[in-house]
There are 2 protein chains.
Amino acid sequence: MQRTTKQRTAILAALGRQEDFRTAQQIHEDLRAAGDPVALATVYRNLQALASAGDVDVLTTDDGEAIYRQCEQAAHHHHLVCRECGRTVEFQAPQMEQWAEQIAAEHGFTDIDHTMEVFGLCPEHSAR
Amino acid sequence: MQRTTKQRTAILAALGRQEDFRTAQQIHEDLRAAGDPVALATVYRNLQALASAGDVDVLTTDDGEAIYRQCEQAAHHHHLVCRECGRTVEFQAPQMEQWAEQIAAEHGFTDIDHTMEVFGLCPEHSAR
DNA sequence: ATATGTGCAAATGCTTTGCAACGCC
DNA sequence: GGCGTTGCAAAGCATTTGCACATAT
């Protein structure tokens with residue numbers, strides 16, 4: 001029950017040729033530029049589906065915008081994102097996971113989940 | 001140039017009598033309930049001011065809503081939030097900060113900033 | 001055939017802004 | 001009195017939804 005439509009294919013292709021995190025609207029624009037226009041609503045619907053299927057990573061920027069990117073790693077991981085160009089490096093942080101777990105336990109919290117993202121300026125966009 | 005108006009005072013009072021993170025709209029509602037109605041726009045404007053002055057913490061939920069809370073600690077810190085009732089514990093993670101810094105440096109990123117929040121169920125809302 | 005997916009436009013929901021009235025300093 | 005502040009209503013934006021039409025299986 002997940003059909004292979006040309007729009008879905010186009011969206012996956014667009015994600016594939018992009019290394020960085022992009023907003024739904026940017027992806028919509030990318031598609032238009034690539035000559036495969038897809039309705040914005042469709043982009044949103046598919047991105048949502050892909051995200052809940054775990055096929056793409058979703059992050060929420062500080063101003064509440066969702067940004068999407070094709071996963072590189074299947075395992076749980078974090079991101080180091082350039083706040084200027086969106087360039088991204090994925091990394092893992094086993095020690096940290098463990099540590100979060102511990103702090104939570106200390107306070108009697110269970111069923112833990114956490115987020116950790118690092119934003120900065122990549123070499124090419126470093127100030128001065 | 002930051003005047004002491006009754007609305008600003010009321011907002012601070014509302015924040016003071018709340019332990020958990022609240023959305024701007026909830027705060028607006030709290031004020032109305034407390035008999036000190038303040039225009040929603042004013043709530044937003046003040047919350048913004050307080051946040052950039054570092055007097056309140058702002059978090060962005062996954063669905064892109066901003067939630068506010070009076071700071072307990074002046075220093076940089078993180079939150080352990082109950083996803084059921086909003087109950088919050090603040091904690092620091094010096095080792096982690098340091099570690100994030102290091103990872104960023106390894107990839108040539110500068111001007112680092114990071115987010116880390118832990119969500120879970122507090123003792124009172126632990127499943128079964 | 002038929003359940004799904006798509007496009008379009010209207011509807012949401014949070015947040016921001018323009019502007020005239022208002023009230024600290 | 002002057003300038004930051006407020007209220008209100010309108011504007012903005014990203015995202016969602018209703019619905020008729022198209023389409024993969």
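The figures here come from the full heavy-atom set of this structure, side chains too, leaving out hydrogens, waters and symmetry mates. The chains referred to below are lettered A, B, ... by the order of the sequence lines, with proteins before strands, and numbering in each begins at 1.
Neither side chain, H78(B) nor E90(B), offers a donor N or O lying under 3.5 Å from an acceptor on the other. Judged purely by distance below 3.5 Å, without hydrogens or angles, the side chains of Q25(B) and Y44(B) pair a donor atom with an acceptor atom. Under the 3.5 Å distance criterion, with hydrogens and angles disregarded, a donor-acceptor pair is assigned to the side chains of D57(A) and H77(A).
Taking atom CD1 on I27(A) and atom C1' on dT15(D), their separation rounds to 14 Å, with Å as the unit. The interatomic distance linking E65(B) (CD) with dA14(D) (P) rounds to 17 Å, in whole Å. Taking atom CG on L40(A) and atom C1' on dT17(D), their separation rounds to 13 Å, with Å as the unit. Look at CD1 on I67(A): it is 14 Å from C1' on dA14(D), rounded to the nearest Å. Note: CZ (R22(A)) to C1' (dA14(D)) measures 16 Å, nearest angstrom. What separates CD of Q7(B) from P of dC24(C) is a distance of 8 Å, to the nearest Å. Atom NZ in K6(B) sits about 16 Å away from atom C1' in dG4(D), given to the nearest Å. Per the geometry, CG belonging to L50(A) stands 13 Å off C1' belonging to dG5(C), to the nearest Å.
A donor N or O paired with an acceptor N or O is found under 3.5 Å between the base of dG4(D) and the side-chain atoms of R3(B). With hydrogens and angles ignored, a donor-acceptor pair closer than 3.5 Å exists between the side chain of R45(B) and the base of dG7(D).
The nucleotide whose nearest atom lies closest to any side-chain atom of Y44(A) is, among dC24(C), dT15(D), dT6(D), dT15(D). When distances are taken from the side chain of N46(A) to each of dT15(D), dG7(D), dT6(C), the shortest belongs to dT6(C). Side-chain proximity of A41(B) to dA9(D), dG7(C), dT5(D): nearest is dA9(D). Here dT15(D) is the nucleotide among dT5(D), dG7(D), dT15(D) with the atom lying nearest to any side-chain atom of A24(A).
Residue contacts shown for Q26(A) are absent, as no nucleic acid heavy atom lies under 4.0 Å away. Using a 4.0 Å heavy-atom distance criterion, Q48(B) is classed as a sugar-phosphate-only contact. Within 4.0 Å of T23(A), counting heavy atoms only, lies no atom of the nucleic acid at all.
Contact between I11(A) and L47(A) at its shortest, heavy atoms only, is CG2-CD1, 4.1 Å.
If Y68(B) and P37(A) are placed on DNA chain C by their nearest nucleotide, the residue sitting closer to the 5' end is P37(A). With the nearest nucleotide of DNA chain C identified for both T4(B) and A66(B), A66(B) has the one nearer the 5' end.
A close approach under 4.0 Å does not occur between any side-chain nitrogen or oxygen of T5(A) and OP1 or OP2 of dG5(C).
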Margin query: Before you tell me yes or no, could you show the steps for F119(B) and H79(B) under ring pair (Phe, Tyr, Trp, His ring centres under 6.0 Å), namely the whole-Å CA-CA distance, both residues' side-chain angles and the distance that decides it to 0.1 Å?
Written below: CA-CA 8 Å; F119(B) 294 90; H79(B) 303 95; 9.4 Å; no
